[in-house]
Amino acid sequence: MFSIRLVLRKIHWLSSCLCAPVRSDGLRVHGPPLTACEADTRLPVCGLTMGLKAALPRYELYLYTAVLGVALIWAGSWIFEASSENVNRKAFKESVKPGWHYFGRKMDVADFEWMMWFSTFRNHILFALIGHVIFAKIFTLIAPKIGIDGCKHRSLIFGVYGGLAVLVTMGWTFMALVLSHCIILYSVALVKRKWLCLGAGLATLASIKLEPYNSWQETLVTGSFDLQDILFYGGCGFSIMRCMSFALENCDKKDGSYTFCDLLRYNFYLPFFFFGPIMTFDRYHAQANNTQLTRKEREMWNITTKAVLHLGVILVVDVFFHYLYILTIPNDMKLVTKLSDWCLAGLAYSNLVYDWVKAAAMFGVINTVATLDHLDPPQPPKCLTMLYVFAETHFDRGINDWLCKYVYDYIGGDHDKIFKELLATICTFAVTTLWLGPCQLVYIWSFFNCFGLNFELWVAKFFSLPPFSTIEGVMGEAMSRRIRGVFNAANFWTIILYNILSLNSLEFAKLVGRRLIFKGFPLSTLSVLLVTYCGVQLVKERERQQALQEEAEVAKAVDGVKEKAE
């Protein structure tokens with residue numbers, strides 16, 4: 001059975017999937033506020049915020065919570081039953097291994113990435129990250145005693161330690177290869193032509209993603225180290241993306257150019273080197289060279305709390321792997337065809353949620369280290385459960401920020417013109433396809449997500465025209481929110497179906513689509529949409545509360561400024 005996991009294992013173990021670009025400021029990228037299909041915009045265009053601040057009766061929200069809770073328990077029970085009854089299947093032998101002996105439970109080990117992080121990874125890279133934190137702390141204490149301004153030179157110290165760690169871990173041939181990429185792109189950056197920098201960077205990226213060039217470079221890095229091939233593609237891929245960011249930012253620098261040393265400091269910051277996330281050069285350069293190092297109130301407490309939270313998430317995932325074999329079951333198509341529609345829906349949803357949890361845990365660990373270094377790294381991805389539009393769906397905010405700044409926003413402008421938006425999304429997903437490694441499933445994944453993002457804009461344009469906009473303006477805000485929720489529920493499952501093929505297989509995605517849309521109609525289709533609608537309305541309620549809270553904080557800040565002025 002062909003699975004994208006097996007393809008991406010060699011291409012790049014961290015499938016930093018950008019499902020749809022989001023503006024770097026976190027706001028929606030397109031769409032007027034009055035539309036029956038799109039989600040509620042956070043931009044208060046002409047004061048029309050019907051979907052954002054519309055409140056629903058409390059009893060209605062209680063009903064939605066009860067329906068959603070019962071449905072999740074119901075779907076989970078089906079998955080638990082399928083896991084328990086089929087644990088000894090021949091197809092499960094490779095991916096279900098002995099786990100909790102005293103509880104008589106076996107463990108789902110189908111995810112290579114997760115198992116690697118808590119076996120081989122912890123023995124090597126985690127040791128290097130701990131060394132990074134200790135080294136930075138020691139340098140901070142010693143630097144003043146030997147007459148060195150530690151704050152001023154800390155980016156250099158980070159770069160030196162990172163370079164040495166990479167050299168010891170991967171060897172001098174890998175270091176020479178990465179340095180050659182840096183030298184080539186730095187030389188191109190001196191020309192200060194954005195199209196040339198982007199073209200050279202993409203060509204360099206293609207050299208490690210396309211045959212026979214990637215195999216030739218990989219043979220230069222030989223060894224028996226368990227993570228050799230994984231760290232090769234991860235380190236080279238992120239390094240090239242950082243070099244492109246450096247080159248493109250250098251084009252905007254008016255007085256002279258950045259130095260090659262600036263590039264090396266930026267590129268060899270160890271926490272980001274192998275696994276990301278990518279912080280664009282302008283942000284990293286400003287933060288790493290900031291000499292005013294202060295901690296916000298309760299910042300260390302927040303860092304500790306997040307670290308404990310990540311540990312708790314890891315333990316919860318470990319528990320689920322012993323009772324719900326959500327990763328192994330979709331790989332056994334003979335078994336999948338016998339499962340109920342509710343079980344299939346639960347498997348599709350839980351696989352996407354697990355992928356988010358995995359990304360959040362991995363980036364959370366790295367971001368904790370970066371925060372200790374007084375950096376403000378890209379935040380972990382937004383939970384899939386909170387998403388119901390393509391315009392906010394992404395799994396790696398670093399890659400998302402990079403693509404938005406240098407491709408999507410650069411070409412798309414205000415993202416309001418259909419053809420300009422189409423060109424911007426096509427170019428963005430073309431770069432994403434190259435980043436993930438071109439293959440059949442990546443092509444399919446890119447096409448459908450690109451289509452979904454543009455379709456949202458087309459529908460937004462259509463429903464912004466009379467009589468639809470007039471009708472929505474007349475109806476109550478609560479009813480407008482309910483109507484939008486119906487369309488958002490359908491869109492939520494479109495997102496799941498478009499992205500589940502990148503996590504399991506094309507066959508599994510097609511089967512789920514056929515069962516939920518055609519064979520399960522009308523009972524399964526409408527019941528799943530009803531549950532999803534309840535979830536969407538609860539997400540909208542949470543967004544409404546956040547919007548009101550932010551509005552109150554802004555009003556409080558404005559009042560404070562007025563009082564000082566008086």
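- Taking CZ of Phe390 as the start and CG of Asn449 as the end, the distance is 5.5 Å to the nearest 0.5 Å.
- A distance-only check finds a donor-acceptor pair linking the side chain of Thr432 to the backbone of Thr428 [under 3.5 Å].
- Side chains of Tyr354 and Trp114 form a contact here, defined as non-hydrogen atoms less than 4.5 Å apart.
- Glu477 places no side-chain N or O within donor-acceptor distance of the main-chain N or O of Ala55, the cut-off being under 3.5 Å.
- Ring-centre distance between Phe468 and Phe463: below the 6.0 Å cut-off.
- Note that OG of Ser502 is 11.0 Å distant from CD1 of Ile444, once rounded to the nearest 0.5 Å.
- At most 12 heavy atoms of other shown residues, nucleotides or ligands fall within 6.0 angstrom of atom OH in Tyr410.
- Side chains of Val166 and Val178 form no contact here, defined as non-hydrogen atoms less than 4.5 Å apart.
- With sequence neighbours excluded, the residues forming a side chain to side chain donor-acceptor pair (under 3.5 Å) with Lys194 are Asp252, listed by chain and number.
- Checking side-chain atoms of Lys192 against main-chain N and O of Lys253 turns up a donor-acceptor pair under 3.5 Å.
- Taking a cutoff of 4.0 Å between a charged side-chain nitrogen and a carboxylate oxygen, Glu456 and Lys461 do not qualify as a salt bridge.
- Of all heavy-atom pairs between Ser155 and Asn289, the closest is OG-OD1, 3.6 Å.
- Ring geometry for Phe174 against Phe232 counts as perpendicular: the plane angle is over 60°, on a 0 to 90° scale with 30° as the lower cut.
- For Phe158, the ring pair (Phe, Tyr, Trp, His ring centres under 6.0 Å) partners two or more places apart in sequence, or in a different chain, are His132, Tyr269.
- Rounding to the nearest 0.5 Å gives a distance of 10.0 Å between OG of Ser239 and CE of Met244.
- No donor-acceptor distance shorter than 3.5 angstrom exists from the side chain of Asn267 to the backbone of Leu263, with no hydrogens or angles considered.
- Residues Leu497 and Ile517 are in side-chain contact: their nearest non-hydrogen atoms beyond the backbone lie under 4.5 Å apart.
- Between the side chain of Asp401 and the backbone N or O of Met279 there is no donor-acceptor pair closer than 3.5 Å.
- Side-chain contact check for Glu550 and Gln546: no donor-acceptor pair (N or O, by modelled atom type) lies under 3.5 Å.
- Looking at Arg265, its side chain never comes within 3.5 Å of a backbone N or O of Gly159 through a donor-acceptor pair.
- A distance-only check finds no donor-acceptor pair linking the side chain of Ser245 to the backbone of Met241 [under 3.5 Å].
- For the pairing with Phe281, the ring pair (Phe, Tyr, Trp, His ring centres under 6.0 Å) check across Phe272, Tyr266, Trp402 returns one residue only, Tyr266.
- No side-chain donor-acceptor contact under 3.5 Å links Asn290 to the backbone of Ala286.
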Problem - Trace of the salt bridge (Lys or Arg N to Asp or Glu O under 4.0 Å) decision for Arg544 with Glu541 - result: CA-CA 5 Å; Arg544 186 183 76 88; Glu541 181 63 22; 2.8 Å; yes
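- The shortest distance between side-chain heavy atoms of Tyr498 and Phe451 falls below 4.5 Å.
- A salt bridge links Glu249 to Lys405: one of the charged nitrogens lies within less than 4.0 Å of a carboxylate oxygen.
- Looking only at distances, a side-chain donor or acceptor of Asp262 sits under 3.5 Å from a matching main-chain atom of Thr259.
- Between Ile399 and Pro277, the closest side-chain pair of non-hydrogen atoms is not below 4.5 Å.
- Classified by interplanar angle (parallel below 30°, tilted 30° to 60°, perpendicular above 60°), the ring pair Trp458/Phe455 is perpendicular.
- Annotation: side chain of Trp435 is in contact with side chain of Phe238 (closest heavy-atom distance under 4.5 Å).
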Problem - Residue pair Tyr533, Arg482: steps toward the side chain to side chain contact (heavy atoms under 4.5 Å, CB included) verdict - result: CA-CA 9 Å; Tyr533 168 82; Arg482 294 187 183 101; 3.5 Å; yes
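- At a threshold of 4.5 Å between non-hydrogen side-chain atoms, the residues Leu506 and Lys510 count as touching.
- The distance from the CG atom of Leu403 to the CD1 atom of Ile278 is 8.5 Å, given to the nearest 0.5 Å.
- Expressed to the nearest 0.5 Å, how far CH2 of Trp493 lies from CD1 of Ile500 amounts to 8.5 Å.
- The shortest distance between side-chain heavy atoms of Arg283 and Leu375 does not fall below 4.5 Å.
- With Gln537 as the partner, the side-chain contact (heavy atoms from CB on, under 4.5 Å) test is satisfied by one option alone out of Leu56, Asn488, Val486, Thr532: Leu56.
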Table please: side-chain donor-acceptor pairs of residues 179-191 below 3.5 Å, with sequence neighbours left out.
residue: Ser180; atom: OG; partner: Leu177; partner atom: O; Å: 2.4
residue: His181; atom: NE2; partner: Gln217; partner atom: OE1; Å: 3.2
residue: Tyr186; atom: OH; partner: Tyr258; partner atom: O; Å: 3.4
residue: Ser187; atom: OG; partner: Ile183; partner atom: O; Å: 2.8

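- Other residues, nucleotides and ligands place no more than 12 heavy atoms under 6.0 Å from the CE atom of Met479.
- With rounding to the nearest 0.5 angstrom, the SG atom of Cys197 is 11.0 Å from the OH atom of Tyr406.
- A side-chain donor-acceptor contact under 3.5 Å links Asp111 to the backbone of Glu113.
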